[in-house]
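One structure is given below, encoded as structure tokens.
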2 protein chains.
Amino acid sequence: MPESIWFRDDARPRAPRLSRERIVEAAVALLDAEGVAGFSMRALAARLRAGTMSLYEYVKSKEDVLDLALDEVIGEIEPPGAGPWRELLVRQLTQSRQVMRRHSWVPALTATRPLLGPNALARSRGFYSALADAGLSGATLTAAVGTLSSYVNGFVASENTWWDTVRTPEADAEIRGKVTRHLDDHVGELARHAQVDDGDFDAQFLLGLDLVLDGIATRLPPG
Amino acid sequence: MPESIWFRDDARPRAPRLSRERIVEAAVALLDAEGVAGFSMRALAARLRAGTMSLYEYVKSKEDVLDLALDEVIGEIEPPGAGPWRELLVRQLTQSRQVMRRHSWVPALTATRPLLGPNALARSRGFYSALADAGLSGATLTAAVGTLSSYVNGFVASENTWWDTVRTPEADAEIRGKVTRHLDDHVGELARHAQVDDGDFDAQFLLGLDLVLDGIATRLPPG
DNA sequence: CAACCCTTCCGTGCACTGTACGGAAAACCG
DNA sequence: CGGTTTTCCGTACAGTGCACGGAAGGGTTG
């Protein structure tokens, strides 16, 4: 009599076990652990000890979950604070980079979807007003904001793929050598400085960022 | 007698019907038509009137096909030619943008994979030597090249998702209004200039590019 | 108290994915 | 002629997103 009351577990909790928040939190954890390729609704449900279809009470599709997870981690970036525009932006963008490295799946997602979540928009607003305060406006302002976020996205994306390429399989050193030799053969000694040392990324990031900020500085009204 | 010779088609062509080139060509066409999400090995084989598993004689995995297709379209960018560094780069990057708009799946792929194909490396080499001729070297050179390609990738990526968002379903105008109002509500009037007019992208692209190039110009040796 | 509905949960099933495996036939080579 | 290699591909398997419908409990209403 496997259907007897004594073997069933009918008890339904009064409050819902799941929630959009719990789902998004688990999604971020799953993405961190397995990447975009390893992310599936079944795995996400398993992580929450729930049936797969239960998720769909709180979310319309897998795409929804990805959108929400993306905006969630963008929310990890702290609000700008005060200070001269240049230092403010350097701080803000350095933080963005750190968040995107903690969650290395972010660049892959930002490349395909519009950033319309509340946290993304708040961050965007921060950039706009920092540069507006500095004296930019109109199309130049838009161009400056777009350039800055493109730069960060692009930099972290290539930084991440570099790490993935180098550290994917066993002994790292051999693969790294193969790739650098490949690059050397085809691009030549000019690129000798490209991604060859591990810690160089920090310095490279600030170098490129300064370049862009210098470009922006030339557009500011005198004073 | 369905197995009779008269009903069979045993004729094997002397030369192989498939080839890596044909596969890559069809892959690009399929990606153009259906995007990354609609790309599958089965659909690709169907387009070539071949069995799915036949593809695997010429290619190890779907990832391989994507890598090859990506490098293929990067090859559509013409070699730099001659001229002053700045005009040369503007020409080259404008072309890159055009190619990435023709093949709107490119930004999504470049965000996840290392660009190690022959055409990608050739283009990279073009950037390096143009800026080296202009007088850059070392880490600054690397930063400049990285910044430029990040900029183009990022710009076209957001340009493409904008088009996708706006023109996905029926009447465009309604959705466009909803999105712009959403942006307006959250980012405010500062972003009034952001993606609101269709043809503005060309101008915006050159504006941001000039910004980056100005930043690079400040790093050149005097003269 | 009963009758009803609404919310939450989820098992089943379907159409589709990438690709491992093995076979079949033709071409080439001794 | 026999054996090997090249090309092609059917079948099968484990996995995917999600539509559908049902079940169980709490809440609301007669």
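For clarity, every value in this text was computed on a predicted model and none was experimentally measured. Residue numbering restarts at 1 for every chain, and letters A, B, ... go by the order of the sequence lines.
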**Request:** Report the C-alpha distance between A/Arg97 and A/Asp202 in whole Å, list the side-chain angles of each, state the deciding distance to 0.1 Å, and finish with yes or no for salt bridge (charged side-chain N to carboxylate O under 4.0 Å, His left out).
**Result:** CA-CA 10 Å; A/Arg97 168 163 173 255; A/Asp202 290 2; 2.9 Å; yes

**Item:** Atom-pair distance (CZ on A/Arg17; P on D/dA24), nearest Å
**Value:** 17 Å

**Request:** Measure from the side-chain heavy atoms of B/Tyr56 and tell me the nearest of D/dC18, C/dC10, C/dT19.
**Result:** C/dT19

**Request:** Name the closest nucleotide to the B/Lys62 side chain, picking from D/dC18, C/dC10, C/dT17.
**Result:** C/dT17

**Request:** Could you tell me whether a side-chain N or O of A/Asp71 sits under 3.5 Å from a main-chain N or O of A/Ala120, the two making a donor and an acceptor?
**Result:** yes

**Item:** Separation of C/dT17 C1' from B/Leu66 CG (nearest whole Å)
**Value:** 14 Å

**Prompt:** If only side-chain N and O atoms of A/Ser54 are considered, is one of them under 4.0 Å from the OP1 or OP2 phosphate oxygen of C/dT8?
**Reply:** no

**Prompt:** Should we say atom CD of A/Glu25 is surrounded by more than 12 heavy atoms from elsewhere, each under 6.0 Å from it?
**Reply:** no

**Message:** From CG of A/Asp64 over to C1' of D/dC18, roughly how many Å is that when rounded to an integer?
**Reply:** 13 Å

**Request:** Apply the side chain to side chain contact (heavy atoms under 4.5 Å, CB included) test between B/Val152 and each candidate in B/Gln92, B/Gln95, B/Met100; give the one that qualifies.
**Result:** B/Met100

**Prompt:** In terms of the angle between their ring planes, are B/Tyr151 and B/Phe205 parallel, tilted or perpendicular, with boundaries placed at 30° and 60°?
**Reply:** parallel

**Message:** Using whole Å, what does the distance between atom P of nucleotide D/dA19 and atom CG of A/Leu55 come to?
**Reply:** 13 Å

**Prompt:** D/dC8, C/dC10, C/dT19: which one has an atom nearest the side-chain heavy atoms of B/Met53?
**Reply:** C/dT19

**Prompt:** Touch check for A/Thr52, heavy atoms < 4.0 angstrom, all strands: base, sugar-phosphate only, or nothing?
**Reply:** nothing

**Prompt:** Which comes earlier along DNA chain D counting from the 5' end, the contact point of A/Glu57 or that of B/Glu57, where each point is its nearest nucleotide?
**Reply:** B/Glu57

**Request:** Please confirm whether the backbone N or O of A/Val73 pairs with a side-chain atom of A/Asn119, one donor and one acceptor, at under 3.5 Å?
**Result:** no

**Request:** With a 4.0 Å heavy-atom cut-off, tell me which residues in residues 21-47 of chain A come close to DNA chain C, sorted by residue number.
**Result:** A/Arg42

**Asked** Does A/Gln204 reach the main-chain N or O of B/Thr142 with its side chain, forming a donor-acceptor pair under 3.5 Å?
**Response** no

**Request:** Could you state the atom-to-atom distance from CZ of B/Arg20 to P of D/dT7 in whole Å?
**Result:** 13 Å

